[in-house]
Participant: 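Handing you this structure, nothing more for now.
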Amino acid sequence: MTATLIDGKGLAARLTDDLKARVARCEAAGHKPGLAVVLVGENPASQVYVRNKIRACERAGVTSIEHRLPESTTEAELLALIHDLNQDPMVDGILVQLPLPAHLSADLVIDAISPEKDVDGFHVQSAGSLLTGRPGFLPCTPYGVMKLLEEAGCDPNGKHAVVVGRSNIVGKPQALLLLEKNATVTVAHSRTPDLGAVTRQADIIVMAVGRAKMLKGDMVKPGAVIIDVGMNRDENGKLCGDVDTADVMEVAGAVTPVPGGVGPMTIAMLITNTVEAVERRLGL
Ligand code: GUN
């Protein structure tokens, strides 16, 4: 068997294009959606992510409002900016690119964002809403993973899903979203002994542990659907995921590539959440 590659890049482009009609409805109701993008410091990876997010805004017809701040920005300065953005009627969503420089508390800054504008879904209230099944913004990467499963024709209902990774941004919310769709969910992580014994039970594997090419073909049940959230460099400095893609191809049913899988979907869901923020506020 050779696995199907799930085209995240193509799906993200389609979803972003589909947002244009919703953006037009917002504009007809008197408001063009706006996303504030806050980048502190010079982290090169963050600069690439931010550029891609701004491009996706352009594609969907969403206004992006950039705030690039120096590494030396104080917590008080950043909190004052967040406060201003919370009050700004042109701003529907606020994105603070992570990681922040070490002297700034991400928790403090994220929780200063108004939950109505928390389009990254990282605010503690958004996390609580997800946990308790109440309306709120879903974190973009796990939300995008659910769309990728749908694209692959994989309904989690009744399936065994193994999530490898337990971060607040991906692993934990991913497990909740799969549970919500009636999967039986196991969360494994970097300290799980004999990871292969766990992943071999899985119909769905979501790898979000941050270890280059960790998932091998002999750790996969034939036909399993594998979503690779990893973004690492291999021994030659080449971008790779947490999945040894070439190795699992002969066993898995479907797998997302890196790049071109989850990454573009995270951005598409960010723009989706931004448009959703306007629709909720205007009652559209
Ligand atoms: N850094 C890595 N991933 C993300 C993300 O999804 N959102 C933000 N704000 N920062 C990140």
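Keep in mind it's a predicted model, so treat the numbers as computed, not measured. Just follow the structure's listing: the first ligand is 1, and inside any ligand the first atom is 1.
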Participant: Looking at Lys147 and Glu151, does any basic side-chain N land under 4.0 Å from a carboxylate oxygen?
Facilitator: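 No, no charged N to carboxylate O under 4.0 Å.
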Participant: Suppose we screen for side-chain contact (heavy atoms from CB on, under 4.5 Å). Which residues come up paired with Ser46, at least two apart in sequence or across chains?
Facilitator: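 With neighbours one apart ignored, the set is Leu39, Asn43, Gln97, Pro99.
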Participant: Kindly write out the residues that satisfy side-chain contact (heavy atoms from CB on, under 4.5 Å) with Asn182, not counting sequence neighbours, or none if the list is empty.
Facilitator: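 With sequence neighbours excluded, Asn182 shows a side-chain contact (heavy atoms from CB on, under 4.5 Å) to Asn157, given in chain and number order.
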Participant: Could you tell me whether Lys213 and Asp242 make a salt bridge, using a distance below 4.0 angstrom between a side-chain N and a carboxylate O?
Facilitator: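 Salt bridge: no.
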Participant: Present, as a list of atom pairs with distances to 0.1 Å, all nitrogen or oxygen contacts under 3.5 Å between ligand 1 and the protein.
Facilitator:
unit_1: ligand 1; atom_1: 1 (N); unit_2: Gln97; atom_2: NE2; d: 3.3
unit_1: ligand 1; atom_1: 1 (N); unit_2: Leu98; atom_2: O; d: 2.9
unit_1: ligand 1; atom_1: 7 (N); unit_2: Asp120; atom_2: OD1; d: 3.4
unit_1: ligand 1; atom_1: 7 (N); unit_2: Asp120; atom_2: OD2; d: 3.2
unit_1: ligand 1; atom_1: 9 (N); unit_2: Val96; atom_2: O; d: 2.8
unit_1: ligand 1; atom_1: 9 (N); unit_2: Asp120; atom_2: OD2; d: 2.5
unit_1: ligand 1; atom_1: 10 (N); unit_2: Gln97; atom_2: NE2; d: 3.3
unit_1: ligand 1; atom_1: 10 (N); unit_2: Leu98; atom_2: N; d: 3.0

Participant: Which pairs pass side chain to side chain donor-acceptor pair (under 3.5 Å) with one or both residues in residues 26-36, sequence neighbours excluded?
Facilitator: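 Passing the test, one end in residues 26-36: His31-Asp92, His31-Arg281.
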Participant: Output yes when Lys20 and Asp17 qualify as a salt bridge under the 4.0 Å nitrogen-oxygen rule, no when they do not.
Facilitator: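 Yes, charged N to carboxylate O under 4.0 Å.
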